[in-house]
Amino acid sequence: VRLTNRMINGNNDVGGLVGVNSGGTIADTTVSGTVTGNEFVGGVVGDNDDGTITNVTTSANVTGALRVGGLVGLNEVSGTITDSSASGSVNATAQFGPVGGLVGENVGSIQTATVSGTVTGDRNVGGLVGVNGVNGTITDATVSGTVTGNTFVGGVVGENIGSIQTATASGSVTGEVEVGGLVGENIGSIQTAAASGSVIGTNIVGGLVGLNDGNGTITDTRASGDVNGDSRVGGLVGFNFVSGTVRNAFAVGPVSGTDDVGGLVGNNSGKVGQSYFNTETTGQSVSTRDAGGLTTAEMQGQAAAENMALA
């Protein structure tokens, strides 16, 4: 199915193809045009309720207030999205969003997804997903678009409470508070992820994650983009809170700030293990406790195997 130059306007449950996908299957579909609504607004589906979406592509430009996504506004607990992509601009007008390049709020499953469009909003703004809820799972995601917001702003997810596994972000991310190259605020789990885009914020700014809070875990990750902020600024994580855990990670991108600035973590009161930063490329000689600073030579070739005990 190919739908081109769609112009859809509505209130709630607004999609370029259908408003609500309740238990149905949408496959092998392409949608372009503009979609405008209030809540549950998506380039293809407003609300994916117990539905399956596979091999769907959209370049639609989407504007709404709450739960706004380039593909789907809300992906519910039983909803699944696989092998799909979005490349349009997505914008949320309400203060709390959430808004994402693919899905506004996800409490279902997303697997193998690509986003290259721009995403703008205020709070809970993500290149792929605005809020990844407690039951939300994201596997194999690639994001290259730019993301701009205020609070909880991330290259892949604005606020992660669920699970992210195997994800990369290469676009620039700009915000104010809790801003990360991959995730703005992490309360869930992040495993096998990388961020390479520039990150600009004011407070709690990280190359990968702004704030690692609650019981948030970050493992097998790396960050290489420029990171700029004022306070609690880190090459990987801006602020690793009391029960947060970072393990098997490293950062190599330039880091600049004023207070609580670190090559790996800006401010750490949690756990950091087997994690490193490049003292030469980050421009930082120290990080908060339990992070090892190494030179470029010490992080390459055989020297890396000896110096970086990643396990």
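What's counted below: heavy atoms across the whole structure, side chains too, no hydrogens, waters or symmetry copies.
A donor atom on one side chain and an acceptor atom on the other are not found under 3.5 Å apart for N55 and D83. Side-chain contact of N61 with S89: a donor-acceptor pair under 3.5 Å is present, judged by distance alone. T54 and T82 share a donor-acceptor pair across their side chains, judged by distance under 3.5 Å alone. Side-chain contact check for S256 and N228: at least one donor-acceptor pair (N or O, by modelled atom type) lies under 3.5 Å. With no hydrogens or angles considered, no side-chain donor-acceptor pair links E178 and T151 at under 3.5 Å. When only modelled atom types and interatomic distance are considered, N91 and T63 share no side-chain donor-acceptor pair under 3.5 Å.
Each of L208, V205, V209, N267 was checked for a side-chain contact (heavy atoms from CB on, under 4.5 Å) with V237, and the lone residue meeting it is V209.
If you take CG on L128 and OG1 on T142, they are separated by 9.5 Å, rounding to the nearest 0.5 Å. For the atom pair T36 OG1 and M7 CE, the distance stands at 8.0 Å (nearest 0.5 Å). Atoms OG1 and CD, from T279 and E298 in turn, are 7.0 Å apart once rounded to the nearest 0.5 Å.
Not counting sequence neighbours, the partners of F241 by the ring-ring contact (aromatic ring centres under 6.0 Å, His included) test are F239.
Between A223 and G207, the closest heavy-atom pair is CB-C, 3.8 Å. Heavy atoms only, all atoms of each residue included: L236 and F250 are closest at CD1-O, 3.7 Å. The two residues G263 and A251 come nearest to each other via the heavy atoms O-CB, 3.6 Å. For the residue pair T174 and V153, the shortest heavy atom distance occurs at O-CG1, 3.8 Å. Across all non-hydrogen atoms, the minimal contact from A249 to V246 is CB-CG1, 4.0 Å.
Judged by distance alone, the side chain of T221 and the main-chain N or O of T219 form no donor-acceptor pair under 3.5 Å. Listed for the S32 side chain is a donor-acceptor partner under 3.5 Å among the backbone atoms of N5. Not a single donor-acceptor pair under 3.5 Å links the side chain of T192 to the backbone N or O of D220. Proximity of a side-chain donor or acceptor of S78 to a complementary backbone N or O of D50 within less than 3.5 Å is detected. Listed for the E280 side chain is a donor-acceptor partner under 3.5 Å among the backbone atoms of T296.
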Original post:
Which is it for T139 and Q165 under the side-chain hydrogen bond (donor to acceptor under 3.5 Å, both in side chains) test, yes or no, and what are the steps along the way?
Top reply: CA-CA 5 Å; T139 307; Q165 185 167 7; 5.2 Å; no
Subject >> Check against side-chain contact (heavy atoms from CB on, under 4.5 Å), V18 and I26 >> reply: CA-CA 10 Å; V18 296; I26 298 172; 4.0 Å; yes
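Taking 4.5 Å as the limit, every side-chain heavy atom of P98 sits out of range of all side-chain heavy atoms of R123. A heavy-atom distance below 4.5 Å is found between the side chains of S84 and I53.
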